[in-house]
Protein chains: 2
Amino acid sequence: MEKEKIDKKDHILDVAERVFAEHGFDGASTRLISGEAGVNMAMLNYYFGSKEGLLLSIFERRTATFRDLIHVIGKNESISSWQKVVEYIEAYIGRVFNNNCFQKMIHQEMSVRRTGELADKITNMIMLNVNEFRKILHEGIEKGEFKRDIDTDMVVATVFGVKSQLLNAPQICSLMLGYDTQDPQNMEEKLKPRVIDYLKKLLKSYLLIENDNAK
Amino acid sequence: MEKEKIDKKDHILDVAERVFAEHGFDGASTRLISGEAGVNMAMLNYYFGSKEGLLLSIFERRTATFRDLIHVIGKNESISSWQKVVEYIEAYIGRVFNNNCFQKMIHQEMSVRRTGELADKITNMIMLNVNEFRKILHEGIEKGEFKRDIDTDMVVATVFGVKSQLLNAPQICSLMLGYDTQDPQNMEEKLKPRVIDYLKKLLKSYLLIENDNAK
DNA sequence: TTAAGTTAATCAATCGTTTGATTAATTTTG
DNA sequence: CAAAATTAATCAAACGATTGATTAACTTAA
């Protein structure tokens, strides 16, 4: 009764994603990755060509899953802009916290000066998200649903920034909240719903025109 | 008319801080640092003992400058909690954007799993800031100045997160805002005042009890 | 048999660090 | 003061270790 015989390449990608997230690209040696994955070192080059090819494969696998999930929210004409914002927050935070290792890794890669194919792909992927969120915000302004003087770009930076802070500064985050935010159960049951709830209330108070004089 | 004869150790620290911020600790080789600084490689070990010692020296220099600047705001009894928040934002963002290389470096270090003396020192320094901000927020709640149901820890994460997003994802940030946010002049004249203004408006709408019915 | 999968051994390159020698600056001594 | 002695600063070269990558032999599976 051995371990489930899942695809070995997928297993390597899973492990590498975690090790890259923990040590950074430069800090994660191919020996460490192959050791953690329980495979021979040469298998990394056999499957993925090179260390950078491995990183690229991780990226491709994740983006392929969520590529066409982006535009669904903005397309729904029957809901208000504010509801779109709510759905975007729930979708984005939900997705990001489920792949927190990948997100951590991506954020680290963006933080160091790199050029080339992968750097451009990462930038493009994130800009897809950015532009989708911006479109919702601009639409809400034009419809008179949101205040006219809101800083849409900073709102985007806020959602992305809060996520980065919670994922990429886990020691600080754990000390602040009083529990281990790296623990998958805590992240899923405590941190994720709290972040979603907070971002909704925060943006609601900043974006919406207060017209409920009958409160 | 040669170059200003400033302290050579300080010069190395300046350069190393920038190179660490650009390439990360593991990505920045001692040869690259010494080359950029125009000094012999052995000087790094001669002055700082090791590569990690160099990183530690960078940290010590910056923290020594701002160690006692933390508690000044909270001590002022004559201003409201909201004014304290405003002053904290202005002080924190102003300070952080003036040492953006250092901040970038610190955030990268926190993002990778490291243990030891430096990791603890970094955590402690940041928690000083965190606790100071939290104290202001709790005080505002107790005084009835802020809403009772605000998530103080998430507010802290917001300020820190927005800063991290703007500094550590410069490509995204530049694309979003339409100018090079790495350029010192843009950062000082355009980005910094915009962030300060935004955070004030954002937190004002989230924290304050809306009691100005005579608006 | 053939091709794909897997391994240990090995490669050149680069890593952080150390060395011994040399020069510059400072202090001590007569 | 000046010469001698001592310390500090700087350098080219090399160190052992580790890096990502490759090889060639071997095993497995179709």
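The analysis underlying the following values was restricted to heavy atoms, covering all of them including side chains, and did not include hydrogens, waters or symmetry mates. So that the names make sense, note that chain A is the first sequence line, chain B the second, and so on, each numbered from 1.
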*Tell me, for nucleotides 16-24 of chain D in 5' to 3' order, what letter each nucleotide earns: B for a base near a protein heavy atom under 4.0 Å, S for only sugar-phosphate near one, - for neither?*
---BBBBB-

For [X] and [N], what is the distance between atoms [atom1] and [atom2] respectively, to the nearest whole Å?
| X | N | atom1 | atom2 | result |
| --- | --- | --- | --- | --- |
| B:Met43 | C:dT19 | CE | P | 16 Å |
| A:Asp7 | C:dA4 | CG | P | 16 Å |
| A:His11 | C:dT6 | NE2 | P | 12 Å |

Do [X] and [Y] touch side chain to side chain, with heavy atoms closer than 4.5 Å?
| X | Y | answer |
| --- | --- | --- |
| A:Val85 | A:Val155 | no |
| B:Asn45 | B:Thr30 | no |
| A:Gln108 | A:Phe25 | no |
| A:Glu60 | A:Lys121 | yes |

_Under 4.0 Å, counting only non-hydrogen atoms across every strand here, what does B:Phe48 touch: a base, just sugar-phosphate, or nothing?_
nothing

*Indicate the ring-plane relationship of B:Tyr198 and A:Tyr206, choosing parallel, tilted or perpendicular according to the 30° and 60° boundaries.*
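The rings of B:Tyr198 and A:Tyr206 stand perpendicular, inter-plane angle above 60°.
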
_Under 3.5 Å side-chain donor-acceptor pair for A:Arg95 and A:Asn98_ = no

*Gap separating the SG atom of B:Cys101 from the CD atom of B:Glu17, nearest 0.5 angstrom*: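 The CD atom of B:Glu17 is 6.0 Å from SG of B:Cys101, to the nearest 0.5 Å.
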
*All ring-ring contact (aromatic ring centres under 6.0 Å, His included) counterparts of A:Phe59, not counting sequence neighbours*: none

*D:dT10 phosphate, OP1 or OP2, under 4.0 Å from B:Lys8 side-chain N/O*: yes

_Please confirm whether the shortest side-chain N or O distance from A:Tyr46 to OP1 or OP2 of C:dG5 is below 4.0 Å._
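For A:Tyr46, the contact criterion (side-chain N or O under 4.0 Å from OP1 or OP2 of C:dG5) is met.
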
*For the helix from C:dT1-D:dA30 to C:dG30-D:dC1, what is the angle between the axes at its two ends, each from 5 pairs, rounded to 10°?*
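For the helix from C:dT1-D:dA30 to C:dG30-D:dC1, the axes at either end differ by 10°.
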
